[in-house]
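See structure below.
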Amino acid sequence: MGAYILAIDQGTTSSRAILFDLQGQVVALAQQAFKQHFPADGWVEHDAEEIWQSCLSCVREVLTKVSFGADQILSLGITNQRETTVLWDRATGEPVCPAIVWQDRRTAEQCRELQATGYETLISQRTGLLADPYFCATKLQWMLDNVPGARERAEKGELAFGTVDSFLLWRLTGGAIHATDASNASRTLLFDIHRQCWDEELLQLFRIPRKLLPEVKDSADDYGRTLPELFGGEIRIGALIGDQQAALVGQACFEPGMAKSTYGTGCFLMLNSGHEPLQSDHRLLTTVAYRINGEVCYALEGSIFIAGAAIQWLRDGLHLIERASQSEQLAQQTDEAHGVYLVPAFTGLGAPYWDPDARGALFGLTRDTGIAELVTAGLEAVCYQSCDLLQAMKGDGLRPQQLKVDGGMAANNWLLQRLADLSGCEVLRPQVIETTAWGGCITGGVAGRGI
Ligand code: ADP
């Protein structure tokens, strides 16, 4: 019996492999960034092949760092960037086009039409989501309509669709298993979160051939084994779970009313609502948190597309800072009444506005506005957006008193203090900050022990 659990944390900007022991200590970690492609305004793409290679090399690197082999690993849990849509050839396993990333807004027009023709109510009732380009269905529809031959091949059953978890699973098992879990399925806009199955009416609405779709399993389940030649032995795959849902698990938000907020590229505030799929009246999403032993735990979610990405922009786009962490010191030096506001709607606005056409803006510039004020405004934008989500939750009668935070930005003490001051919430940061991977590990461990 193995004594370790491996988590693959496949994020938006990098992939990581983390090996945990059964006490939850990190034994070894490897990380690899991969390329972001921005081919047009509002378009964001990844190369699924590069994502696969990055995961493969991270797991191999982790295994070279320890003195034992794959046979000591009890279970592998995969947690992943959600909604990013991959379409691949079943015969070769090759992606047929670039993956369309969750941030991509190219299908804004289709979504407007869905709203105008009154379909949003049906979508929302079945999936808990809204007609927004964020989710998979219109991305997949775009691929089928724009990649030459894709629709015919899809109808013949030659292609497979999946979110990143599915694609990695396919590759890890040598094409033996085409599956996803309920948390990832709940982000496709094609999955009925109440009946827990693909919805025929939505498949017709988006013109998606059923043959493309993966089987939907529990988050902790039997996902087969990795090909022995990949890692010098088979590893049992015990979990697939979306990264934000994994962070909810990793932050131990198991009781209804408990909330976490992850500050990475984007910000995702999620509130456990137990076995009740609560419907928001304030344009928050209802989503599957996880499904274990066939039992669904639901969550209410607010998604913000740009959080840390604003700091990335200040660093890599404007070259105002060299490292993201410098933002903390600059904010400490800035007068609280500086009056500069950044609206980081670079790829539209997510919850609770859902405006794919909005674009960023800077307000309150004066002659003495400098780098420190702009950087501070970037950090404060994250706080203001979080407050908007908390306000929406309050409107739904569900405002949390405590917020468990994680993600790369949660290292910033100034940001967390400002968040606490502006929101009035108690902001808690865990000691183990690898909460997403830890959530993947816990879920994988549940399956590994056959619980
Ligand atoms: P993801 O998983 O989405 O790739 P991470 O959780 O790794 O993202 O967080 C990285 C993001 O956090 C980057 O956008 C970076 O700009 C931001 N970031 C990292 N450290 C800090 C910091 N000390 N202060 C502010 N932002 C930070």
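Here the structure is a predicted model, which is why all the values come from computation and not from measurement. Whatever order the structure lists them in is the order used to number ligands and atoms, beginning at 1.
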F68 vs Y4 aromatic rings, parallel, tilted or perpendicular, using cut-offs 30° and 60°? parallel

If you look at each N/O of ligand 1, which protein N/O atoms lie under 3.5 Å away, and at what distance?
| unit_1 | atom_1 | unit_2 | atom_2 | d |
| --- | --- | --- | --- | --- |
| ligand 1 | 3 (O) | T265 | N | 3.0 |
| ligand 1 | 3 (O) | T265 | OG1 | 2.6 |
| ligand 1 | 4 (O) | T13 | OG1 | 2.6 |
| ligand 1 | 6 (O) | G408 | N | 2.8 |
| ligand 1 | 9 (O) | G408 | N | 3.4 |
| ligand 1 | 14 (O) | G308 | O | 3.0 |
| ligand 1 | 14 (O) | Q312 | NE2 | 3.4 |
| ligand 1 | 16 (O) | G308 | O | 3.1 |
| ligand 1 | 20 (N) | G408 | O | 3.4 |
| ligand 1 | 24 (N) | S327 | OG | 3.3 |
| ligand 1 | 24 (N) | N412 | ND2 | 3.1 |

Pair listing, salt bridge (Lys or Arg N to Asp or Glu O under 4.0 Å) test, anchored in residues 383-393, at least two apart: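 Listed once each, the pairs would be none.
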
Please list, chain by chain and in numerical order, all residues satisfying side chain to side chain donor-acceptor pair (under 3.5 Å) with T173, sequence neighbours excluded.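 If we apply the side chain to side chain donor-acceptor pair (under 3.5 Å) test to T173, skipping adjacent residues, there are no hits.
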
With T369, which residues qualify under side chain to side chain donor-acceptor pair (under 3.5 Å), at least two apart? T366

Is the count of non-hydrogen atoms from other residues, nucleotides or ligands lying under 6.0 Å from K35 atom NZ greater than 12? no

F268 ring centre to R82 NZ or CZ under 6.0 Å, with the angle to the axis within 45°?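 Relative to the ring axis of F268, which defines the angle, R82 lies inside both limits.
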
